[in-house]
Amino acid sequence: MARSGKPQEPLAERNEGDAPPNPVWFKPIMLGLMLLGLVWVLVFYLSGSRFPIPGIDAWNLVVGFGIAFVGFLMTTRWR
């Protein structure tokens, strides 16, 4: 197949100041962290404060909400 002599145009134009799109792994990690935090807190409540980490008691809530919070912080960087 013969090529034409004119150069190919880019599929999408980007200004110099625009940030590049997120990598492929960004969205699954973001959603995964939010879901993991939710599951952590649910397991804590449904197990009667015995799990996921038995020795830290109510700090399990801080850990679960912290994991979910990191996922929510990632949403601010999503493009």
Side-chain angles (χ1 to χ4, degrees):
M1 180 183 252
R3 293 184 181 198
S4 62
K6 50 186 172 174
Q8 301 235 347
E9 293 183 25
L11 296 177
E13 292 184 22
R14 259 190 4 192
N15 293 337
E16 292 294 323
D18 288 348
N22 292 111
V24 176
W25 53 265
F26 192 85
K27 188 175 175 183
I29 296 293
M30 176 184 70
L31 293 173
L33 285 172
M34 288 187 280
L35 289 175
L36 179 64
L38 175 66
V39 168
W40 192 288
V41 172
L42 286 175
V43 166
F44 174 73
Y45 277 120
L46 293 176
S47 69
S49 304
R50 289 180 291 169
F51 294 109
I53 301 176
I56 63 174
D57 298 325
W59 282 98
N60 277 307
L61 288 175
V62 175
V63 172
F65 283 120
I67 292 170
F69 186 68
V70 170
F72 283 112
L73 282 178
M74 288 178 74
T75 62
T76 64
R77 304 293 294 170
W78 184 26
R79 293 179 204 86

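We number each residue from 1, following the sequence as shown.
Taken together through direct or relayed side-chain contacts under 4.5 Å among Ile, Leu, Val, Met, Phe, Trp and Tyr, L61 and M34 form parts of separate hydrophobic clusters. One hydrophobic cluster, built from ILVMFWY side chains closer than 4.5 Å, cannot hold both V39 and I29; they sit in different ones. A single hydrophobic cluster is not seen to contain both L38 and V41; linkage of ILVMFWY side chains at heavy-atom distances under 4.5 Å, directly or through other members, places them apart. When hydrophobic clusters are built by joining Ile, Leu, Val, Met, Phe, Trp and Tyr residues whose side-chain heavy atoms come closer than 4.5 Å, directly or via intermediates, M74 is not grouped with F69. Tracing side-chain contacts under 4.5 Å through hydrophobic residues (I, L, V, M, F, W, Y), one never reaches L42 starting from V62; they form parts of separate clusters.
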Does the side-chain contact (heavy atoms from CB on, under 4.5 Å) test come out yes or no for I53 and W40, once each step is laid out?
CA-CA 10 Å; I53 301 176; W40 192 288; 3.8 Å; yes
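Side-chain contact check for P52 versus N60: some heavy-atom pair is nearer than 4.5 Å.
Annotation: R79, atom CZ; neighbour count of heavy atoms from other residues, nucleotides and ligands within 6.0 Å is above 12. Shown here is Y45, whose OH atom has no more than 12 heavy atoms of other residues, nucleotides or ligands within 6.0 Å.
Between F51 and V43 the shortest heavy-atom distance is CB-CG1, 4.0 Å. When all heavy atoms of I67 and L33 are compared, the closest pair comes out as CG2-O, 3.4 Å. When all heavy atoms of R77 and N22 are compared, the closest pair comes out as O-ND2, 3.3 Å. Considering all non-hydrogen atoms of both residues, A58 and F44 come closest at CA-CZ, 3.9 Å.
A distance of 10.5 Å separates CG of L35 from CE of M30, quoted to the nearest 0.5 Å. To the nearest 0.5 angstrom, W78 atom CH2 is 4.5 Å from K27 atom NZ.
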